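This report refers to the structure that appears directly beneath it.
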There are 2 protein chains.
Amino acid sequence: MKHVTIKDVAKRLNVSISSVSRAFNDKYDIKKETKELILKTAEEMGYFPNPIAKKLSQNKTFNIGVVVPEFINEYYSEIIIGIQEVFMGHGYQVLITQSDENPEIELKNVKTLIHSMVDGLIIAPTMESTNMEYYLKELNNGCPIIFMSRVKENLQASKVLFNNKKWAFFATEHLIRQGYSKIYYLAGSKNLNVSVDRIDGFKRAMSKHKIPKERYKILETGLLAEDGMQIMEDLIYNHDLPDAIFCFNDRVAMGVISILKSNAIKVPQDIALMGFTETRMVNLMTPRLSSVKQPTFEMGKSAAELLHKQIHNSLMEPQTIVLNGELTIRESSVRN
Amino acid sequence: MKHVTIKDVAKRLNVSISSVSRAFNDKYDIKKETKELILKTAEEMGYFPNPIAKKLSQNKTFNIGVVVPEFINEYYSEIIIGIQEVFMGHGYQVLITQSDENPEIELKNVKTLIHSMVDGLIIAPTMESTNMEYYLKELNNGCPIIFMSRVKENLQASKVLFNNKKWAFFATEHLIRQGYSKIYYLAGSKNLNVSVDRIDGFKRAMSKHKIPKERYKILETGLLAEDGMQIMEDLIYNHDLPDAIFCFNDRVAMGVISILKSNAIKVPQDIALMGFTETRMVNLMTPRLSSVKQPTFEMGKSAAELLHKQIHNSLMEPQTIVLNGELTIRESSVRN
DNA sequence: TTTGTTTCCGAAAACGTTTCCGAATAATTA
DNA sequence: TAATTATTCGGAAACGTTTTCGGAAACAAA
């Protein structure tokens, strides 16, 4: 199965290969009729420009690389869809890799992508790790990189962030305003700076509403439903139950709710519940779960647009985009 | 930021570029010491072979394309991870595209991937559509393609399938053996051949156990939780309630269960429930949902390995791999 | 010493484009 | 009419590799 090349088309029409190239690249210095003739016969012959050769001669790959911790959950999947939407529109291919929350795999992925000559990178790091130095070095070597989601605000690079402090504050304040005051926060992992930010928001709400330290707790958990189940079982075992529980994410909340149910503890009558990073499961739980919706598609789109700008204007200085969310109140956090 | 090229390395050491190339490609006709010297200085100079140029000269891209209907749900995400595991080990990049269950986008994705010269394709079609003709044409043009999941068994091409008939049969038979006999099957979409297969399995279980046609129903639904909610509301409204419900997938089951709960219908005391294509949510539902687990990672791996073989042996004749699942019984389908 | 084999290496073609440069023709201006 | 400018095109270099071919050097065998 030989591919038709530019030479075949040129020979067929007795024109030069440069003319065929011009026809395909919307160049000004070609007559309209010849251009059309070339395009028509090329079409007939089943010719299309070999993208590899194009990349080599233009020193661009039209590939951009994406590194995420995982895409089993909706969160990064939706972000990726946002990224693809933007870049496919610009004729780029998006190469997706996932690091399985493992910094070593993450580093390997980034290296692979850079070695395959991507024109730019979007990275959602697993955690703040030593990898960051390497990434920043690559950034200075001329490979545009956008950081996403799990990264500190003061990092000297372009990034797209969610305002975790603010929305953790709002979510907590909602619980307080509903009359709950003994509130436990299941805080994810303290290595995650998003986690730290949400703790900050949680604390600020507490201090604003003058709730004494003895009334609330911040408990480190994992990111999975199983982690929520585990910690909830411990709390029940120790007879250490609050009014309300604010969870690092919906999965943890889901774990909590399942343990509460099997212990006949009612939500929200006995304990209110609030999630974060809203997933589609919120409406399927009974009671339906209050949560904070993050603008995943928009985050993907913003990161992609930022990167696209940066690719076409390499001297642009770093920009930070902070996006807002949406607090959706459902049955799980409403006093009857 | 100029990239270091093979020429720079050659010049530095006063050797020819062919020697440098040989050093990097494990060729036999180069002295061991020169090879090591070349590799060492290349490393120092920060040189690595430009993959684009390599691709051009070898007429291979070392890219393989994947087209799935979506990856918001775990199912295809896990399959993709399986595919990546195999191909990254072989030094290939996996390009992932998703068609959003839209045959037109699917076709566009396939064309994009073929135009970007992938060495092979793995396609999970949205439905049996007219696109199949195009794909088979491309297959005959020499681009190896593996079909996955939603495709007919008699298709003349390599494919990796799940044995839907068999496991729908087992799942149904389990319900019957538990003593349920008025069973409704929420059957997904009849345009999906997996759906047709599962209906077949369902019916075979019914006829094996001599359950008369008046006792069971097959109801067409969608694939989403909302579809399960919708149809369950209708059934309740019409006072048309069975002993047990077998759902096309866990999401539909999740929708059903939420409506049952809000109508105070108990699972499994009043109505038993069985899902399919097990998701991680099964253990988080109360009661925990019985379901059929599909070997997603293995499906991905099998497809990838099959494609890899096909790429290296283009004359191989089409192969069909049919994988088995696992029926996991939990509380939702067990008579107390 | 001659011949034949290995072993190692360089020159150059090939992969399929884009793009720069210059030339031929046509159109415009002086 | 001559000179200038636009328009359109072909030739060839460049992009960075791999690979084929042939030749030199080194070594063994005759």
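Naming: A, B, ... by sequence-line order, numbering from 1 per chain. Here the structure is a predicted model, which is why all the values come from computation and not from measurement.
At the phosphate of C:dC9, OP1 or OP2 sits under 4.0 Å from a side-chain N or O atom of B:Thr34. Phosphate contact (OP1/OP2 of C:dG16, side-chain N/O of A:Lys7, threshold under 4.0 Å): absent. Using a 4.0 Å cut-off, no side-chain N or O of B:Ser57 falls inside it from OP1 or OP2 of C:dA14. Note on B:Gln58: a side-chain N or O is less than 4.0 Å away from OP1 or OP2 of D:dT19. Contact between the side-chain N/O atoms of A:Ser19 and the OP1/OP2 oxygens of D:dG10 is found at a separation under 4.0 Å.
Among the nucleotides C:dT17, D:dT18, D:dT8, the one closest to any side-chain atom of A:Lys31 is D:dT8.
To the nearest angstrom, C1' of C:dT18 lies 13 Å from OH of A:Tyr28. A straight line from CG of B:Asp29 to C1' of C:dC9 spans 8 Å, rounded to a whole angstrom.
The environment of A:Lys108 atom NZ is sparse: at most 12 non-hydrogen atoms of other residues, nucleotides or ligands sit within 6.0 angstrom.
Non-hydrogen atoms lying under 4.0 Å from DNA chain D are contributed by B:Tyr47, B:Phe48, B:Pro49, B:Asn50, B:Ala53, B:Lys54, all within residues 36-54 of chain B.
Annotation: the terminal axes of the helix from C:dT1-D:dA30 to C:dA30-D:dT1 meet at 50°, where each axis is the rotation carrying the C1' atoms of four end pairs onto the next four (5 pairs per end, rounded to 10°).
Legend: salt bridge (Lys or Arg N to Asp or Glu O under 4.0 Å) pairs involving residues 53-68 of chain B, not counting sequence neighbours: none detected.
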